[in-house]
Amino acid sequence: MALHLGDTAPDFTQDSTEGPIKFHEWAGDSWVILFSHPKDFTPVCTTELGEVSRLKPEFEKRNAKAIGLSVDPVEDHRNWAGDIEETQGHGLNFPLLADADRTVSDLYDMIHPNANDTLTVRSVFIIDPNKKIRLTITYPASTGRNFAEILRVIDSLQLTDDQKVATPVNWTDGDDCIIVPSVSNEQAKELFPQGWDEKKPYLRMVKQPNKA
Ligand code: BEZ
């Protein structure tokens, strides 16, 4: 059954480039980006894994860590890591699950048989420190992901968990936010004493609260 936002991310134990991983234990108190790629030694995947390695400091700033997956064996992952470093300039610095027995792929519904009946699609799950699934996205094999978008969503989730705002289209950290509709104008005066721009009664723009 497909996993939905708000579901608890299923726990598992699986082998990885960093040895066996007990997922919930490994996740600890961090945010997690769990993502699958179709196959080792393929071009788009090579660029993606280099990029996720490059972005490690950005994940760390957000108390987040990445973990990748494909159904290839761990020896392939380890051999491929050299190619990633050579061609992308960033060596693999996060674990890659070797899900040859499909334990995780099945739990997370990462194989979509009408796309490909043996390989994982490009799934992304953002999981919060309470182990709740906060985002799911699925990309086709031929489209490399934009991991800046994943960072943007983490920024939005972390902000909106703490403040009574939502983030508008194309928002990035520091841009104006939206006061959530459940907050009355009376409450808003207390929460946002600097005021807001009321474009419509339901569309109230406010400076990003933790930057104001
Ligand atoms: C790739 O990573 O380049 C790729 C993998 C599977 C299908 C198509 C492209």
Side-chain angles (χ1 to χ4, degrees), residues 1-40 45 48-49 51-53 55-74 77 92-141 143-163 166-167:
M1 204 181 78
L3 292 168
H4 293 149
L5 300 190
D7 289 355
T8 298
D11 198 13
F12 57 80
T13 301
Q14 185 55 286
D15 199 12
S16 84
T17 47
E18 298 185 7
I21 285 194
K22 291 182 180 173
F23 183 56
H24 282 193
E25 195 177 287
W26 175 85
D29 294 330
S30 296
W31 290 72
V32 170
I33 301 93
L34 168 64
F35 68 100
S36 55
H37 66 271
K39 196 157 178 52
D40 293 356
C45 301
E48 286 191 327
L49 297 207
E51 177 65 356
V52 174
S53 295
L55 289 173
K56 185 171 186 168
E58 293 299 322
F59 292 124
E60 286 175 345
K61 272 188 217 162
R62 294 160 174 84
N63 183 33
K65 49 190 185 180
I67 184 164
L69 172 150
S70 75
V71 294
D72 298 289
V74 76
H77 284 348
L92 196 63
N93 56 15
F94 60 92
L96 261 194
L97 294 162
D99 197 41
D101 65 5
R102 300 190 188 188
T103 298
V104 185
S105 313
D106 287 344
L107 272 176
Y108 282 81
D109 196 26
M110 290 166 162
I111 295 178
H112 296 193
N114 290 325
N116 187 301
D117 57 8
T118 55
L119 303 180
T120 42
V121 290
R122 295 187 199 280
S123 300
V124 185
F125 294 86
I126 296 180
I127 298 163
D128 73 16
N130 294 319
K131 313 290 181 291
K132 297 295 179 198
I133 296 175
R134 303 294 300 275
L135 165 138
T136 65
I137 327 183
T138 308
Y139 292 75
T143 304
R145 284 160 283 204
N146 181 343
F147 283 91
E149 168 63 1
I150 306 304
L151 290 170
R152 190 188 77 89
V153 177
I154 294 171
D155 285 341
S156 172
L157 287 168
Q158 293 182 345
L159 173 68
T160 59
D161 278 356
D162 280 351
Q163 309 279 347
T167 57

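All values below come from the heavy atoms of this structure, side chains included, with hydrogens, waters and symmetry mates left out.
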| query | Is the side chain of K65 donor-acceptor paired with the backbone N or O of S30 at a distance under 3.5 Å, no angle test? | reply | no
| Pairwise distance CD1(I126) to CD1(I137) - rounded to 0.5 angstrom | 6.5 Å
| task | Only counting residues at least two apart or in another chain, list the ones meeting side-chain contact (heavy atoms from CB on, under 4.5 Å) with D117. | result | P113
| task | Quick one: closest heavy-atom pair of V104 and D99, and the distance? | result | N-OD1, 3.0 Å
| said: Strictly by ring-ring contact (aromatic ring centres under 6.0 Å, His included), give each pair with a member in residues 110-140 just once, sequence neighbours left out. | reply: Y108-F125
| said: My understanding is that only residues two or more places apart in sequence, or in another chain, count here; which of them pass side-chain contact (heavy atoms from CB on, under 4.5 Å) with D162? | reply: none
| request: Using side-chain contact (heavy atoms from CB on, under 4.5 Å) as the criterion, list what pairs up with S16, not counting sequence neighbours. | output: E18, I21, P95, L97
| query | For D101, what residues pass the side chain to side chain donor-acceptor pair (under 3.5 Å) criterion, not counting sequence neighbours? | reply | Q14, T103
| field | Inter-residue atom distance N93.CG - F59.CZ, 0.5 Å rounding | value | 9.5 Å
| message | Tell me whether S36 contacts the main-chain N or O of V121 through its side chain, where contact means a donor paired with an acceptor under 3.5 Å. | response | yes
| query | Should the pair F35 and F94 be assigned to parallel (<30°), tilted (30 to 60°) or perpendicular (>60°) ring geometry? | reply | tilted
| query | Any idea which heavy atoms bring P38 and L119 closest together, and the distance? | reply | O-CD2, 3.7 Å
| request: Please step through side chain to side chain contact (heavy atoms under 4.5 Å, CB included) for the pair V71 and M110, ending with a clear verdict. | output: CA-CA 10 Å; V71 294; M110 290 166 162; over 6 Å; no
| Restricting to pairs with a member in residues 151-160, which pass salt bridge (Lys or Arg N to Asp or Glu O under 4.0 Å), not counting sequence neighbours? | R62-D155, E149-R152
| query | Hey, what do you get for CD (Q158) to CD (Q163), rounding to the nearest 0.5 Å? | reply | 12.5 Å
| Shortest non-hydrogen contact from A166 to T160? | CA-CG2, 3.9 Å
| request: Taking salt bridge (Lys or Arg N to Asp or Glu O under 4.0 Å) as the test, write out the residues that go with E48, two or more places apart. | output: R122, R145
| field | Set of residues satisfying side chain to side chain donor-acceptor pair (under 3.5 Å) with respect to T120, sequence neighbours excluded | value | none
| remark: CG (L69) and OG (S123) are apart, to the nearest 0.5 Å, by 8.5 Å
| query | Does any pair with a residue in residues 126-141 pass salt bridge (Lys or Arg N to Asp or Glu O under 4.0 Å), and if so which ones, sequence neighbours excluded? | reply | D128-R134, R134-D161
Cut-off 3.5 Å, no hydrogens considered: what does the side-chain donor-acceptor table look like for residues 22-29, sequence neighbours left out?
residue	atom	partner	partner atom	Å
H24	NE2	A9	O	2.7

| said: With rounding to the nearest 0.5 angstrom, report the OG1 to CD1 distance, T118 to I111. | reply: 7.0 Å
| message | Looking at every non-hydrogen atom in both residues, tell me the closest pair between L107 and L3 and how far apart they are. | response | O-CD1, 3.7 Å
| message | Holding to ring pair (Phe, Tyr, Trp, His ring centres under 6.0 Å), I want the full list of residues that pass it with H77, two or more places apart in sequence or in another chain. | response | none
| request: List in chain and number order the residues that pass salt bridge (Lys or Arg N to Asp or Glu O under 4.0 Å) with K39, two or more places apart in sequence or in another chain; answer none if no residue qualifies. | output: D72
| query | Rounded to the nearest 0.5 Å, how far apart are CG of L55 and CD1 of I150? | reply | 10.5 Å
